[in-house]
Amino acid sequence: MMNSIGEFDICYDKNSFWVCKDYHNLYILEMKNDAMEIILHIAIDDVFPEEEVQKIYSDYTSREMRLYKIMPYEDDMIIVTSVGIVRMTMCGKIVWKTIYMAYRSMQIIGHYGYESYNSIFYRIDLDNGELCLYDYNGELPPLSINGHEVRPSGDKLTIHNGLLWRMLYDSGLTLLAAIDPETGQFKYFHRFYDIAYENCVPKFIDGKIYLYDVITSVLHVLEEVEGEPEKTFCGVPMSETELEKVDITKKVNNKKPAPTYEDSDIPLFEEIKQVAHIEHACVLDAECIDSLEDYSNLIVDILSLADVRKFTIVEHTLSGSISLKKGRKKVEFTPDGSDYIDTDALLKAFNEFLPICGVKGKIFSLWMPDMLQAEMFFYTEDTEAVEKYSAENLQTDEAVDFEDMKGEIKW
């Protein structure tokens, strides 16, 4: 089976079919004769042609297209892209499509999809594609605190008890907001005065709301009282009891073959292969992170490049960190919270973890300007040769434009 990091991401499976994507294509796969076969491939640029989108967004170019999300709805698919949303049958027939800016935060309640990121907020009817922009032309209701008009950032939308929950950030102001999906109005807020991290995600567990600030290492806890959150205590030290409620432990025993990159379309990689022995490598889209689970999937596949197959991953959902464990030893790292792979943090963790697993080499990443947001990972034991080549041949001066760079290698 094609794996998620080399070719595409698996969105969901239904009735023996697998719905998958990369940032420009949709695929449906079916298991046939013990192998996965692509039975449908659709280029999203064909669904939203550039000239059609330009009638709404005049400065749009197809280079901006991103396929963010595919969700099941009844027997069809809801496909969320950077320029619009489309409902499509599993045979590839378009039921409806709507050109309107979207992102990866969409959540479904009943027959509506809700989208909210930064100041954007709207609803779309999944039966007919009709937009509801509420009273504020597709934005959150205006909000002013102490005379300051809030223009929020943030993009994590969560459903809980029939409400839509979001963190709002603006110039040091931090709010947890609950939005009524019927009216589009704020139901209630809670203001935090001591959260420094702008990627906290509320977790609802046993009648409490947990937010962990990775900058200050403080766990904030709210208690729901008759459906309304009231801050009953805050700043408690993180305890093992609290962590046990939300940590996700995954024991890995990966038996899939390691990816092998056999194309010759990346010149810098071809040069590296002249000085170092490399058997396994993979190329992936760097903008592929929605959750800690996405990191876990990447870790399993990338560590297979070094033939590391049995270990444990712990996703610390409150702190946003990940631990790699082998026996009693572990390595922990905290990604930066963006949609892009935090390559520096990931490689540092890998190359501290490999010796624990008895591995002699290192995992490297490789990038060239022609690859745009794609990124290659490879493993080799000829580490000194790769590091020497990088030092002697690659321009690392920050003043040099990336278009003029030959490429970049990290470890």
Side-chain angles (χ1 to χ4, degrees), residues 8-9 21-26 41-71 77-88 94-107 113-126 128-143 149-157 166 168-171 184 198-199 284-290 336-341 367-375 400-405:
F8 43 65
D9 298 322
K21 74 170 188 71
D22 58 29
Y23 273 96
H24 301 280
N25 302 275
L26 175 150
H41 167 220
I42 293 176
I44 293 300
D45 283 336
D46 293 339
V47 178
F48 292 100
E50 184 177 74
E51 59 274 12
E52 182 179 354
V53 177
Q54 286 174 343
K55 294 177 182 178
I56 307 296
Y57 303 113
S58 59
D59 57 350
Y60 169 79
T61 68
S62 58
R63 290 172 63 101
E64 301 170 40
M65 169 59 73
R66 293 291 183 273
L67 199 174
Y68 284 130
K69 198 171 189 178
I70 306 176
M71 299 175 287
M77 301 175 284
I78 301 298
I79 303 164
V80 182
T81 78
S82 54
V83 299
I85 304 160
V86 59
R87 177 174 175 177
M88 184 180 292
I94 295 175
V95 179
W96 54 257
K97 68 176 179 179
T98 299
I99 297 177
Y100 200 79
M101 51 191 164
Y103 198 56
R104 64 179 77 242
S105 58
M106 179 169 287
Q107 299 288 337
Y114 296 87
E115 180 71 287
S116 186
Y117 60 97
N118 297 338
S119 61
I120 300 299
F121 179 70
Y122 64 86
R123 180 178 78 187
I124 187 166
D125 190 319
L126 301 182
N128 55 32
E130 181 179 342
L131 283 174
C132 173
L133 302 182
Y134 295 99
D135 297 329
Y136 303 102
N137 197 31
E139 294 199 351
L140 292 167
L143 178 63
E149 182 181 353
V150 178
R151 301 295 296 176
S153 62
D155 58 27
K156 307 297 184 185
L157 192 63
R166 260 201 61 186
L168 308 177
Y169 310 96
D170 182 22
S171 303
E198 290 199 357
N199 282 289
L284 58 148
D285 193 314
E287 190 184 2
C288 64
I289 301 299
D290 285 327
D336 59 13
S338 74
D339 300 327
Y340 289 83
I341 298 170
W367 174 85
M368 296 182 64
D370 289 346
M371 296 171 68
L372 299 178
Q373 67 180 30
E375 186 172 11
V400 177
D401 292 337
F402 80 90
E403 294 92 345
D404 298 327
M405 294 173 60

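Not measured: the values here are computed from a predicted model.
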Can a donor-acceptor pair be found, under 3.5 Å and without considering hydrogens, that links the side chain of [X] to the backbone of [Y]?
| X | Y | answer |
| --- | --- | --- |
| S105 | L157 | no |
| W96 | L126 | yes |
| S62 | E50 | no |
| N118 | I120 | no |
| Y68 | M106 | no |

For the [atom1] atom of [X] and the [atom2] atom of [Y], what is their distance to the nearest 0.5 Å?
| X | Y | atom1 | atom2 | answer |
| --- | --- | --- | --- | --- |
| I85 | M101 | CD1 | CE | 11.0 Å |
| M71 | I78 | CE | CD1 | 6.5 Å |
| L168 | L140 | CG | CG | 6.5 Å |
| F48 | D45 | CZ | CG | 10.5 Å |
| I70 | M88 | CD1 | CE | 9.0 Å |
| D22 | L284 | CG | CG | 11.5 Å |

Heavy-atom check, side chain of [X] versus side chain of [Y], under 4.5 Å:
| X | Y | answer |
| --- | --- | --- |
| V80 | R104 | no |
| Y100 | Y57 | yes |
| N25 | L67 | no |
| I94 | V86 | yes |
| V53 | M65 | no |
| D135 | P141 | no |
| I99 | Y60 | no |
| K21 | I79 | no |

Next item on the list: Could I get the full list of side-chain hydrogen bond (donor to acceptor under 3.5 Å, both in side chains) partners for K97, not counting sequence neighbours?
Entry: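 Applying side-chain hydrogen bond (donor to acceptor under 3.5 Å, both in side chains) to K97 gives E52.
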
Check: Taking only residues two or more places apart in sequence, or in another chain, which ones meet S116 in a side-chain hydrogen bond (donor to acceptor under 3.5 Å, both in side chains)?
Finding: R166

Next item on the list: Output, in order, the C-alpha distance, side-chain angles, deciding distance and verdict of side-chain contact (heavy atoms from CB on, under 4.5 Å) for C288 and I341.
Entry: CA-CA 7 Å; C288 64; I341 298 170; 3.8 Å; yes

Where do [X] and [Y] come nearest, in terms of heavy atoms and distance?
| X | Y | answer |
| --- | --- | --- |
| T98 | G129 | OG1-O, 2.7 Å |
| Y122 | A102 | OH-CB, 3.5 Å |
| E64 | D59 | OE2-O, 3.5 Å |

Next item on the list: May I ask you to decide if the ring planes of Y134 and F121 are parallel, tilted or perpendicular, using 30° and 60° as cut-offs?
Entry: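 Parallel, since the angle between the ring planes stays under 30°.
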
Checklist line | Of all pairs that satisfy salt bridge (Lys or Arg N to Asp or Glu O under 4.0 Å), the ones with a partner from residues 115-126, not counting sequence neighbours | finding: none

